[in-house]
J.: 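What follows is a structure written as structure tokens; I'll ask about it next.
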Amino acid sequence: MKRLPIPPEVTGDEIDADVRQELMSLPKGLAEDVSRNLVMVAQLIDDEPEKAYEYSRVALRLASRVAAVREAAGFAAYATQKYSEALAEFRAARRMSGGVELWPVMADCERGLGRPERALAMAGEPEVQKLDRAGQVEMRLVAAGARRDLGQLDAAIVTLQSPELASGAVHPWTARLRYAYADALLAAEREGEARDWFAKALEADKDGVTDASDRLAELDGIEFVDAFDDSDVEDVEDAEEDDSDVEDVVDVVDVEDDIDGVEDVEDVDGDDR
């Protein structure tokens, strides 16, 4: 089996305690190998999803009967828009664990596969009632997205209206929920309301998970211009080249002066003789 390079500082101890507990069913050496690959998946999935996917495949080949491995492989496939593969992995993980936590992302995979009707059907299943509050908000976001996929914009707006949206408290999901609502309002040409909700999304977005600030600026007609664009860089490079040319000329002049000085000295010596 082809292995991928893993930095020596990645030990595998970085994984969550729950995942480590699952890996205890494996021989010690194998468990360490799998855990190190899973750490690489977690570290790369946001910025380099294709690489994360490669590490997830290694972990999957090593321990395909571990639910946490199937789940990681699912998220890596999801991040690279391999929705059919992601859905298969999520279903396998759910069968192994018996949990419902993956239900919203499974529904979103159905959207990714061009099947919004199935996503909406999943939003009405009993599993949704078993989700925690964060999971139910995720399911609401997926259902609203499915409504928009079907061209049902007003229904999408209504779907997002909820106690979580109206609450002034800030939770991990708050910024994304407010942003989705603002985006739907803007699509419905309710620009004033959309601006208010983009502002509320920005207020809650401490980690920068949305581009609410950019959307607000667009609505306010603010255009950002780079203070130092490519043409400025070219000008600086040209100036540096000009300075270099001047220095070269100066060096040549200095050398010629030195040669003239030497010749003058020789002439003097000749005269003395």
J.: Working to the nearest 0.5 angstrom, can you tell me the gap between E127 CD and L102 CG?
T.: 12.0 Å

J.: Would V100 and V128 satisfy side chain to side chain contact (heavy atoms under 4.5 Å, CB included), going step by step from the backbone distance to the final call?
T.: CA-CA 8 Å; V100 295; V128 176; over 6 Å; no

J.: Is it true that E85 and Y53 share a donor-acceptor pair across their side chains at a distance under 3.5 Å?
T.: yes

J.: Grouping I, L, V, M, F, W and Y whenever their side-chain heavy atoms are under 4.5 Å apart, do F198 and V209 come out in a common cluster?
T.: no

J.: Is any side-chain N of the basic residue among E110 and R91 closer than 4.0 Å to the acidic one's carboxylate O?
T.: yes

J.: Is it true that a side-chain atom of E14 and a backbone atom of G12 form a donor plus acceptor pair closer than 3.5 Å?
T.: yes

J.: Would a distance-only check, ignoring hydrogens and angles, find a side-chain to backbone donor-acceptor pair under 3.5 Å from S35 to A31?
T.: yes

J.: Go through the structure and list residues passing salt bridge (charged side-chain N to carboxylate O under 4.0 Å, His left out) with D205, not counting sequence neighbours.
T.: none

J.: Which heavy atom in L60 sits nearest to a heavy atom in A73, and how many Å separate them?
T.: CD2-CB, 4.2 Å

J.: Decide side chain to side chain contact (heavy atoms under 4.5 Å, CB included) for K206 and T174; before the verdict, give the C-alpha distance in whole Å, the side-chain angles of both, and the deciding distance to 0.1 Å.
T.: CA-CA 11 Å; K206 305 303 181 186; T174 303; over 6 Å; no

J.: Quick one: closest heavy-atom pair of V142 and A119, and the distance?
T.: CG1-CB, 4.4 Å

J.: Check for a donor-acceptor pair, side chain of R70 on one end and backbone N or O of S64 on the other, with a separation under 3.5 Å.
T.: yes

J.: State yes or no: do L202 and V170 share one hydrophobic cluster built from I, L, V, M, F, W and Y residues joined by side-chain heavy-atom distances below 4.5 Å, directly or via other members?
T.: no

J.: Where is the tightest heavy-atom contact between R148 and A187, given as atom of each residue plus distance?
T.: NH2-CB, 3.3 Å

J.: Is R147 salt-bridged to D154, cutoff N-O under 4.0 Å?
T.: no

J.: Verify the cluster assignment for V41 and M96: are they in a single hydrophobic cluster under the rule of side-chain heavy atoms below 4.5 Å apart?
T.: no

J.: Does V19 offer a backbone N or O that forms a donor-acceptor pair with the side chain of D16 under 3.5 Å?
T.: no

J.: Between R178 and K200, is there a donor-acceptor pair closer than 3.5 Å when you use the side chain of the first and the backbone of the second?
T.: yes

J.: Any chance you could measure S162, atom OG, to Q136, atom CD, to the nearest 0.5 Å?
T.: 10.0 Å

J.: So how far is it from F90 CZ to F75 CZ, rounded to the nearest 0.5 Å?
T.: 4.5 Å

J.: Ignoring hydrogens and geometry, is there a side-chain-to-backbone donor-acceptor pair from R36 to V10 under 3.5 Å?
T.: yes

J.: Considering non-hydrogen atoms only, spot the tightest contact between W103 and M122 and give its length.
T.: NE1-O, 2.9 Å

J.: Heavy atoms only: give me the nearest A107-M139 pair and the separation to one decimal.
T.: CB-CE, 3.5 Å

J.: If you round to the nearest 0.5 Å, how far is CD of Q43 from OH of Y55?
T.: 9.5 Å

J.: In terms of side-chain heavy atoms, does Y179 have a donor or acceptor partner in R215 at a distance below 3.5 Å?
T.: yes

J.: Would V34 and V66 satisfy side chain to side chain contact (heavy atoms under 4.5 Å, CB included), going step by step from the backbone distance to the final call?
T.: CA-CA 10 Å; V34 172; V66 176; over 6 Å; no

J.: In the hydrophobic clustering (ILVMFWY, side-chain contacts below 4.5 Å, transitive), which residues join L150, or is it alone?
T.: L120

J.: Quick one: pull up CG in L23 and CG in L30 and give me the separation to the nearest 0.5 Å.
T.: 8.5 Å

J.: Go through E50 and K82 one step at a time and tell me if the salt bridge (charged side-chain N to carboxylate O under 4.0 Å, His left out) criterion holds.
T.: CA-CA 11 Å; E50 289 292 347; K82 297 177 176 67; 3.7 Å; yes

J.: Does the salt bridge (charged side-chain N to carboxylate O under 4.0 Å, His left out) test come out yes or no for E54 and R57, once each step is laid out?
T.: CA-CA 5 Å; E54 292 174 12; R57 301 309 295 176; over 6 Å; no

J.: With distance as the sole test, does S25 use its side chain to make a donor-acceptor pair with the main-chain N or O of E22 at under 3.5 Å?
T.: yes

J.: Can you confirm whether the side chains of D108 and Y83 place a donor and an acceptor under 3.5 Å from each other?
T.: no

J.: Considering all heavy atoms of both residues, which atom of A123 and which atom of A143 are nearest to each other, and what is their separation?
T.: CB-CB, 4.0 Å

J.: Answer yes if M40 and I45 sit in the same cluster of Ile, Leu, Val, Met, Phe, Trp and Tyr residues linked by side chain heavy atoms under 4.5 Å apart, and no otherwise.
T.: no

J.: Before giving the answer on salt bridge (charged side-chain N to carboxylate O under 4.0 Å, His left out), spell out for D220 and R195 the whole-Å C-alpha distance, their side-chain angles and the decisive distance to 0.1 Å.
T.: CA-CA 9 Å; D220 291 340; R195 193 206 176 282; 2.8 Å; yes

J.: Stepwise, does the side chain to side chain contact (heavy atoms under 4.5 Å, CB included) test hold for H171 with R133?
T.: CA-CA 10 Å; H171 299 279; R133 195 176 176 194; 3.8 Å; yes

J.: Other than Y181, which residues form its hydrophobic cluster under the rule that side-chain heavy atoms must be closer than 4.5 Å?
T.: V137, L141, I157, L160, L165, W173, L177, L185, W197

J.: Tell me whether the count of non-hydrogen atoms from other residues, nucleotides or ligands lying under 6.0 Å of NZ in K51 goes above 12.
T.: no

J.: With the 4.5 Å side-chain cut-off for hydrophobic clustering, are L44 and V39 part of the same group?
T.: yes

J.: Look up atom CD1 in I6 and atom CD in E9, then write down how far apart they are to the nearest 0.5 Å.
T.: 11.0 Å

J.: Under a 4.0 Å threshold between the charged nitrogen and the carboxylate oxygen, would E138 count as salt-bridged to R176?
T.: yes

